[in-house]
Amino acid sequence: MLRSALGRAALAAAVLALAAPAMASAQSPQVPDFTQYGFSQVVASATLAAGAAGSLSYGGITVQIPAGTFGDPVQFELLEGAISRFQMAVPTGQTVISDFAFKVVDQTTGALVGTFQKPVMFSLMSADVTAQSVYDNVSTTGALTPNPVPATISGTTLTHPITAAMVG
């Protein structure tokens, strides 16, 4: 979630940056399927061969996936939810401008992929992005927490590396 001290916020509910070392296509029964937690719409997807690079775009969002991110072939989905659902969780006076999560399925095993071998780069270009915008995580319960890695903001573009699909 992107929030601003000046009252603007963008929920970049990005399945994000857990600092644990990642193995290619690491699977775990605890990997959440964010289509069950408010991110019900698939807005972009890509099927990637093992080790292949790729990208997804939707609206002002771009996701760059570097070569070597996944050891098995995957289906990588960019999910979106109803902003009104997430707006309820932000402080009064702030506005959610974007929300997203990832769903990555290992095409060899059928399992959800929780961590990435290399970080993918998320970018949001929006006139609502300001120097005061912040990037938050959304849990499966809908709770918002500040992402431990600050986003980079240049003009009206926010960028952030993402190493996992464990939060929105």
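In this text the structure is predicted, and so the values were computed from the model without any measurement.
Note that the OG1 atom of T115 and the CZ atom of F70 stand 9.0 Å from one another [nearest 0.5 Å]. The distance from atom CD1 of I83 to atom CE of M88, rounded to the nearest 0.5 Å, is 13.0 Å. We find the CG-OG distance between L124 and S133 to be 8.5 Å, quoted to the nearest 0.5 Å. Remark: N137 CG to L144 CG distance equals 9.0 Å, nearest 0.5 Å.
Residues P32 and T140 share a closest heavy-atom pair of CB-CG2, 3.6 Å. When every heavy atom of K118 is checked against every heavy atom of P66, the shortest pair comes out as CB-CG, 3.9 Å. Of all heavy-atom pairs spanning V31 and A165, the tightest one is CG1-O, 4.2 Å. Between F116 and I162, the shortest heavy-atom distance links the atoms CD1-O, 3.6 Å. Across V90 and V96, no two heavy atoms sit closer than the pair CG1-CG2, 3.6 Å. When all heavy atoms are compared, the tightest approach of Q94 to Q87 is O-NE2, 2.6 Å.
Side-chain contact between T35 and L79 is present, with at least one heavy-atom pair separated by less than 4.5 Å. The shortest distance between side-chain heavy atoms of T152 and H160 does not fall below 4.5 Å. Contact annotation: the side chain of V120 approaches that of T69 to within less than 4.5 Å [non-hydrogen atoms, C-beta and beyond].
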Review point. Stepwise, does the side-chain contact (heavy atoms from CB on, under 4.5 Å) test hold for V138 with Y37?
Key: CA-CA 10 Å; V138 176; Y37 298 101; over 6 Å; no
Point to revise | Residues T159, M121; criterion side-chain contact (heavy atoms from CB on, under 4.5 Å); working and verdict | key: CA-CA 7 Å; T159 58; M121 186 57 71; 4.1 Å; yes
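Hydrophobic clustering of Ile, Leu, Val, Met, Phe, Trp and Tyr side chains at less than 4.5 Å, counting indirect connections, keeps V129 apart from M125.
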What pairs of donor and acceptor atoms, side-chain ones from residues 40-64 against any protein atom, are under 3.5 angstrom apart with sequence neighbours left out?
unit_1: S45; atom_1: OG; unit_2: Q75; atom_2: NE2; d: 3.4
unit_1: T47; atom_1: OG1; unit_2: Q75; atom_2: OE1; d: 2.4
unit_1: Y58; atom_1: OH; unit_2: E80; atom_2: OE1; d: 3.3

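In summary, the aromatic rings of F34 and F102 are positioned with their centroids too far apart to meet the 6.0 Å limit.
Residues passing the side-chain contact (heavy atoms from CB on, under 4.5 Å) test with T141 are S139, A143, sequence neighbours excluded.
With D106 contributing its side chain and V113 its backbone, the two residues share no donor-acceptor pair below 3.5 Å.
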